Enquirer: 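Input: one structure, supplied below.
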There are 2 protein chains.
Amino acid sequence: MLTLEDARKALAKGSVIIFAGPCTVVYEGRATSRLGVGERLVLIKKDRSILVHRPTGHEPVNWQPAGSMIDFLTENGLPVIRASNANELLKISFTAQPSLMVFDLRDTAEFEMYASEEDMKKAVLAKPSLVEPGFKPLEEERQVKRTGRVDILGLDALGRLVVVELKRKPATPEDVRQLSAYVESLNSEFGRKPRAILAAPSTTKAARREMEKTSVEFRCLTPRRCMQVLREAKGLDSYL
Amino acid sequence: MLTLEDARKALAKGSVIIFAGPCTVVYEGRATSRLGVGERLVLIKKDRSILVHRPTGHEPVNWQPAGSMIDFLTENGLPVIRASNANELLKISFTAQPSLMVFDLRDTAEFEMYASEEDMKKAVLAKPSLVEPGFKPLEEERQVKRTGRVDILGLDALGRLVVVELKRKPATPEDVRQLSAYVESLNSEFGRKPRAILAAPSTTKAARREMEKTSVEFRCLTPRRCMQVLREAKGLDSYL
DNA sequence: CGTGCCAGGTGCCAT
DNA sequence: ATGGCACTTGGCACG
């Protein structure tokens with residue numbers, strides 16, 4: 001039978017700990033939450049992040065991010081876990097003796113993710129016609145305005161300034177507003193309105209309405225298509 | 001030693017399963033990800049949600065939401081877990097025999113969360129002067145416009161229409177733009193511009209600039225203060 | 001460190 | 001199903 005002292009040692013040693021048992025959970029911080037008695041899993045990782053998982057739902061019901069202070073206490077003969085940082089406190093009180101498991105996990109692998117918005121940008125820079133025929137990106141690095149950044153700034157076939165905003169998901173009214181704000185910002189800077197192109201796999205209806213009001217143009221562009229382009233470009237690179 | 005057959009039975013019975021061991025992970029779906037060999041915990045819950053946890057970081061490195069199809073396979077004598085739905089596939093391939101744990105968790109407790117934006121709204125409806133003296137909410141239910149919803153619509157002391165937007169976090173330029181869009185929408189509907197009040201604990205500098213341009217007003221209102229008001233109102237209720 | 005913004009965001013509730 | 005939005009959002013990159 002592992003004890004709280006074992007848990008302390010395991011955490012100090014850099015192991016991952018799991019408690020399994022019935023508990024109540026209280027959180028006070030950015031918000032406040034209460035959870036009555038139920039059987040849960042409590043994961044404590046080597047970076048002192050902590051997760052409370054119920055038997056359903058792929059998200060933890062409560063948590064504390066890495067770097068928390070973790071205290072293992074005993075109240076009325078039962079274990080209590082306090083995970084706190086400057087502004088937040090998570091308190092897990094077991095209502096019966098939980099089981100305790102300790103794991104020594106070694107994991108140094110790189111995590112690689114593809115088809116992000118960043119990948120869409122790379123694809124457009126590799127093949128600007130994805131935006132429209134004759135499109136020429138101006139700056140490879142993101143252009144910074146008074147506030148926020150423009151995904152891609154370029155010139156169209158007629159030499160007009162074009163602001164391109166990329167989205168990997170269906171474009172929302174918020175996306176349109178964001179782009180319009182850039183247009184206004186560039187307008188007051190250069191005294192001329194740039195064209196604005198929102199490149200995304202699709203738009204919501206409301207976004208479409210917002211686009212008509214603000215003369216933002218839509219260009220259908222999917223992350224999938226961008227990945228194809230990147231693969232082709234890469235294939236070419238490795239051939240050269 | 002528990003086997004994959006035990007895992008299948010446990011899942012069918014509604015237990016929660018944890019695999020611990022070295023594995024590689026591949027995800028294909030909305031994006032694509034690769035993770036090389038490393039030791040991880042794999043949680044499979046009774047709703048067939050699945051989580052892959054590395055020894056650090058409070059978020060899972062890969063996952064699949066509830067309702068996935070979970071297959072336990074054997075490749076080269078080692079366990080493979082496939083979790084798939086209509087458009088997504090998660091494949092976890094162990095590179096050595098993992099340990100397998102099974103938990104029967106009973107958890108029917110209600111989870112209660114306070115200090116949400118919804119609570120701020122309740123507080124304002126209970127005590128409209130939180131917005132400003134003389135403020136009178138018009139609609140308790142959220143008002144639906146052409147698109148989206150207004151948090152609170154009301155009249156000020158002089159009988160002018162007021163749109164109130166509540167935020168539990170420092171207000172951003174996007175919040176201001178969202179509110180301005182409502183103002184425009186209401187303007188074209190009623191032919192007169194309503195006042196717009198953004199009630200939040202604070203604003204970012206850029207939001208402040210955006211507010212000056214669009215005549216959106218700021219009102220300092222914290223979730224904390226709202227919770228106080230709700231407690232007082234509740235106290236009064238229970239007294240009556 | 002504040003500010004802004006992407007994310008396989010997730011989840012909740014509306015039409 | 002789709003849409004619109006809050007979330008203890010988390011995370012990163014950049015000023």
Side-chain angles (χ1 to χ4, degrees), chain A residues 25 27-33 49 52 57-66 68 83 85 87-90 111 113-121 141-151 165-175 178 181-182 202-210 223, chain B residues 27-33 49 57-66 85-90 111 113-121 141-151 165-175 178 181 202-210 223:
Chain A
V25 186
Y27 164 76
E28 302 272 351
R30 286 170 289 181
T32 293
S33 78
S49 54
V52 182
H58 95 273
E59 297 239 308
V61 62
N62 283 107
W63 70 94
Q64 200 73 270
S68 304
N85 59 35
N87 307 303
E88 298 175 293
L89 169 65
L90 181 65
F111 178 67
M113 170 79 74
Y114 311 97
S116 63
E117 188 187 289
E118 187 58 28
D119 287 322
M120 291 181 74
K121 182 173 168 182
E141 273 313 297
R142 51 174 62 92
Q143 199 74 9
V144 183
K145 276 267 76 298
R146 165 71 93 265
T147 167
R149 50 175 90 99
V150 170
D151 281 342
E165 175 77 23
L166 302 170
K167 293 291 167 189
R168 60 185 309 287
K169 297 197 305 181
T172 66
E174 183 172 316
D175 297 332
Q178 187 191 356
Y182 286 133
S202 64
T203 76
T204 67
K205 280 182 195 165
R208 197 60 90 153
R209 272 195 297 273
E210 199 82 22
Chain B
Y27 165 76
E28 301 273 352
R30 285 170 289 180
T32 294
S33 78
S49 54
H58 93 274
E59 298 237 310
V61 62
N62 283 108
W63 69 94
Q64 203 68 275
N85 58 35
N87 307 303
E88 299 175 292
L89 169 64
L90 180 65
F111 178 66
M113 169 81 73
Y114 310 98
S116 63
E117 188 186 289
E118 188 58 30
D119 286 323
M120 292 181 74
K121 184 173 167 181
E141 272 312 298
R142 50 172 63 93
Q143 196 75 10
V144 183
K145 275 264 80 296
R146 167 69 93 266
T147 168
R149 48 175 91 100
V150 170
D151 281 341
E165 176 78 22
L166 302 170
K167 294 291 168 189
R168 62 188 305 287
K169 296 199 304 181
T172 66
E174 181 49 38
D175 297 332
Q178 187 189 0
S202 64
T203 76
T204 67
K205 281 181 196 167
R208 196 60 90 155
R209 271 196 300 272
E210 200 80 23

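In what follows, chains carry the letters A, B, and so on, assigned in the order in which the sequence lines appear, proteins first and then strands, with residues in each chain numbered from 1. It should be emphasised that the depicted structure is a prediction, and the values quoted were computed from it without experimental measurement.
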Enquirer: Using only side-chain N and O atoms of A:W63, determine if any of them is under 4.0 Å from OP1 or OP2 of D:dG10.
Expert: yes
Enquirer: B:G57 and A:S49: which non-hydrogen atoms are nearest, and at how many Å?
Expert: C-OG, 3.9 Å
Enquirer: For A:A207 and for A:G29, find the nucleotide of DNA chain D with the closest heavy atom, then tell me which residue's nucleotide is more 5'.
Expert: A:A207
Enquirer: Both B:G57 and A:A31 contact DNA chain D. Taking the nearest nucleotide for each, which residue is further toward the 5' end?
Expert: A:A31
Enquirer: Look at A:H58 and C:dG11 and indicate whether a side-chain polar atom (N or O) is within less than 4.0 Å of OP1 or OP2.
Expert: yes
Enquirer: Is the shortest side-chain N/O distance from B:R168 to OP1 or OP2 of D:dT9 below 4.0 Å?
Expert: yes
Enquirer: For residues B:R168 and B:A115, report the shortest heavy-atom separation together with the two atoms involved.
Expert: NE-O, 3.0 Å
Enquirer: With A:S33, which residues qualify under side chain to side chain contact (heavy atoms under 4.5 Å, CB included), at least two apart?
Expert: A:Y27, A:N62, B:F111, B:M113
Enquirer: Reckon B:S116 touches a base, only the sugar-phosphate, or nothing at all at heavy-atom distances under 4.0 Å?
Expert: sugar-phosphate
Enquirer: If we take the C1' atom in both C:dA7 and D:dC5, what is their distance in whole Å?
Expert: 16 Å
Enquirer: Between B:Q64 and A:H58, what is the shortest heavy-atom contact and its length?
Expert: O-CB, 4.1 Å
Enquirer: Is any side-chain nitrogen or oxygen of A:Y182 closer than 4.0 Å to OP1 or OP2 of C:dC5?
Expert: yes
Enquirer: Give me the atom names and distance for the closest heavy-atom approach of A:K167 to A:Q178.
Expert: NZ-OE1, 3.7 Å
Enquirer: Can you tell me how far P of C:dA7 sits from CG of B:N62, to the nearest Å?
Expert: 16 Å
Enquirer: Would you say C:dT3 has OP1 or OP2 under 4.0 Å from some side-chain N or O of B:K205?
Expert: no
Enquirer: Taking the side chain of B:M113 as heavy atoms from C-beta outward, which of D:dT8, D:dC7, C:dG9 is closest to it?
Expert: D:dT8
Enquirer: Pick base, sugar-phosphate or nothing for A:E165, based on heavy-atom distances below 4.0 Å to the nucleic acid.
Expert: sugar-phosphate
Enquirer: Just how far, in rounded Å, is C1' of C:dG11 from CD of B:E117?
Expert: 15 Å
Enquirer: Between C1' on D:dA6 and NZ on B:K169, what's the gap in Å once rounded to a whole number?
Expert: 9 Å
Enquirer: Using atom P in both nucleotides, what's the gap between C:dC5 and D:dT8 to the nearest angstrom?
Expert: 22 Å
Enquirer: Quickly work out the A:E118 CD to C:dG4 C1' distance and round it to whole Å.
Expert: 15 Å
Enquirer: With B:T204, which residues qualify under side chain to side chain contact (heavy atoms under 4.5 Å, CB included), at least two apart?
Expert: B:P173, B:A206, B:A207
Enquirer: So, is A:T204 close to the D:dG4 phosphate, meaning a side-chain N or O under 4.0 Å from OP1 or OP2?
Expert: yes
Enquirer: B:Q64 CD to C:dG9 P: how many Å, rounded?
Expert: 12 Å
Enquirer: Classify B:V61 by what it touches in the nucleic acid, base, sugar-phosphate, or nothing, heavy-atom distance under 4.0 Å.
Expert: nothing
Enquirer: Once you round it to whole Å, what is the distance between P of D:dC5 and CG of B:D175?
Expert: 11 Å
Enquirer: Kindly say whether, by distance alone, the side chain of B:E59 makes a donor-acceptor pair under 3.5 Å with the base of D:dG10?
Expert: no
Enquirer: Using OP1 and OP2 only, check whether a side-chain N or O of B:R30 sits under 4.0 Å from C:dG9.
Expert: yes
Enquirer: Nearest-Å distance, NZ (A:K167) to P (C:dC5)?
Expert: 8 Å
Enquirer: Reading DNA chain C from 5' onward, which residue's closest nucleotide shows up sooner: A:Q178 or B:P65?
Expert: A:Q178
Enquirer: Whole angstroms only, please: what is the OH-P distance between A:Y27 and D:dT9?
Expert: 7 Å
